[in-house]
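Structure below; questions to follow.
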Amino acid sequence: MNSRAELSVRAEKAILVGVILPQSSADPRDPLGELAALAKTAGAVVVDRVLQHRVTVDASTFIGSGKAEEIKKLVKKHKADVVIFDHDMSPNQLRDLEKIIDTKILDRSELILDIFATRARTHEAQLQVGLAQLEYTYPRLRHMWSHLERIGAGAGAGVGARGPGEMQLEIDRRLVRGKVADLKERIAQVQARKSREVKERKRQH
């Protein structure tokens with residue numbers, strides 16, 4: 001599994017990226033201020049910031065291949081471990097960006113999930129975070145497993161080349177579905193136990 005499966009940014013050097021659109025609600029004085037605070041909360045070390053003004057986002061890479069190449073140079077310059085976007089992106093955009101920039105890319109939701117994971121103290125909170133991460137990950141599985149591309153799925157690949165990758169993808173999906181079902185059951189058990197304890201305390205009073 002490649003970097004797409006690893007959301008944690010603790011102690012990693014991060015480059016922050018924001019796109020200013022016509023309808024943007026970002027603070028004009030410090031557009032990436034909130035994202036920087038989130039990144040620091042997650043334990044990342046912010047080494048650079050990139051802002052881009054666009055009329056619309058690029059369907060493939062969100063920021064366009066030219067800007068992605070610029071960020072790739074910054075990653076090498078700072079020896080950055082992760083690039084964090086102040087937006088939520090599609091699995092395709094995340095995949096295409098990682099192909100160009102050649103480092104871990106996180107969007108805003110992934111960063112927030114990482115923070116939740118580090119802040120979860122109770123058993124139920126940890127289960128809820130695990131469930132949220134799995135449910136976020138599931139629709140993105142196709143682009144999170146590097147071995148699919150190494151096998152050769154895509155243009156020019158024969159059926160025999162695609163088969164193993166597709167089988168592995170289905171296995172991965174089945175594993176995630178199983179884990180989601182297990183977490184939901186465990187959360188339900190925790191909540192049922194808490195409900196019973198509350199009722200018992202009420203009876204005692």
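Predicted model only: the values in this text are computed from it and were never measured. Count residues from 1 along the sequence.
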Answer yes or no: is there an ion pair linking Arg49 with Asp86, defined by an N-O contact shorter than 4.0 Å? no

Side chain to side chain, Leu38 and Arg108, heavy atoms closer than 4.5 Å: yes

A quick test of your reading: do over 12 heavy atoms of other residues, nucleotides or ligands sit less than 6.0 Å from NZ of Lys72? yes

Which value, rounded to the nearest 0.5 Å, describes the distance between Ile100 atom CD1 and Ser60 atom OG? 6.5 Å

Considering all heavy atoms, the nearest Leu111-Ala39 contact: CD2-N, 3.9 Å

With Lys104, which of Glu98, Glu110, Glu12 fulfils salt bridge (charged side-chain N to carboxylate O under 4.0 Å, His left out)?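 Among the candidates, only Glu12 passes.
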
For the student: nearest non-hydrogen atoms of Ala42 and Ile115, plus distance: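 So the minimum-distance heavy-atom pair works out to CB-CG1, 3.7 Å.
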
Going through the checks in order, is the side-chain contact (heavy atoms from CB on, under 4.5 Å) test met by Lys67 and Val50? CA-CA 9 Å; Lys67 181 61 70 172; Val50 177; 4.1 Å; yes

Could you tell me whether Lys73 and Glu70 have a side-chain N and a carboxylate O separated by less than 4.0 Å?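 Between Glu70 and Lys73 there is no salt bridge, as every charged N stays at least 4.0 Å from the carboxylate O atoms.
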
Flag the pair Lys194 and Glu197 as a salt bridge only when some basic side-chain nitrogen lies within less than 4.0 angstrom of an acidic carboxylate oxygen.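 Judged by the 4.0 Å cut-off on N to carboxylate O distance, Lys194 and Glu197 do not form a salt bridge.
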
Arg95 vs Asn92, side-chain contact (heavy atoms from CB on, under 4.5 Å): CA-CA, chis, key distance, verdict: CA-CA 5 Å; Arg95 177 203 62 192; Asn92 286 348; 3.9 Å; yes

Verify, without hydrogens or angle tests, whether His87 (side chain) and Val19 (backbone) share a donor-acceptor contact under 3.5 angstrom. yes

Backbone of Asp58 reached by a side-chain donor or acceptor of Gln93 within 3.5 Å: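 Yes; judged by distance alone, with no hydrogens or angles, the pair exists.
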
Quick one: does Asp114's side chain have a donor or acceptor within less than 3.5 Å of a partner on Val9's backbone?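 Checked: pair present.
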
Got Leu21 and Thr56 here, is their nearest side-chain heavy-atom distance under 4.5 Å?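 Leu21 does not reach Thr56 side chain to side chain.
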
Report the distance from atom CG of Leu106 to atom CG of Leu16, rounding to the nearest 0.5 Å. 11.5 Å

Yes or no on side-chain contact (heavy atoms from CB on, under 4.5 Å) for Phe85 and Leu97, after CA distance, side-chain angles and deciding distance? CA-CA 11 Å; Phe85 280 74; Leu97 277 169; 3.7 Å; yes

Rounded distance [0.5 Å steps], CD1 in Ile187 versus NE2 in His123: 9.0 Å

Heavy-atom pair with the smallest gap, counting every atom of Arg10 and Thr41: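 Nearest pair, atom of Arg10 first, then Thr41: NH2-O, 4.4 Å.
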
Using atom types as modelled and distance alone, determine if a side-chain donor or acceptor of Glu124 lies under 3.5 Å from a backbone N or O of Val190. no

If you look at every heavy atom in Met89 and Leu94, which pair is closest and at what distance? CE-CD2, 3.6 Å

Note: Ala80 and Val47 closest approach over all heavy atoms is CB-CG2, 4.4 Å

Closest heavy-atom pair and its distance - Pro22, Val55: CD-O, 3.4 Å

I need the Ile105 CD1 to Thr61 OG1 distance, nearest 0.5 Å.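 Those atoms lie 10.5 Å apart.
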
Audit row: Val75, Asp102, side-chain contact (heavy atoms from CB on, under 4.5 Å) steps and yes/no: CA-CA 9 Å; Val75 166; Asp102 195 28; over 6 Å; no

Roughly how far apart are Ser90 OG and Asp107 CG, rounded to 0.5 Å?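 Ser90 atom OG to Asp107 atom CG measures 9.5 Å (nearest 0.5 Å).
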
Say you draw a straight line from CD of Glu69 to CD1 of Ile63; how long is it, rounded to the nearest 0.5 Å? 10.0 Å

Quick check on Gln191: does its CD atom have over 12 non-hydrogen neighbours (other residues, nucleotides or ligands) under 6.0 Å away? yes

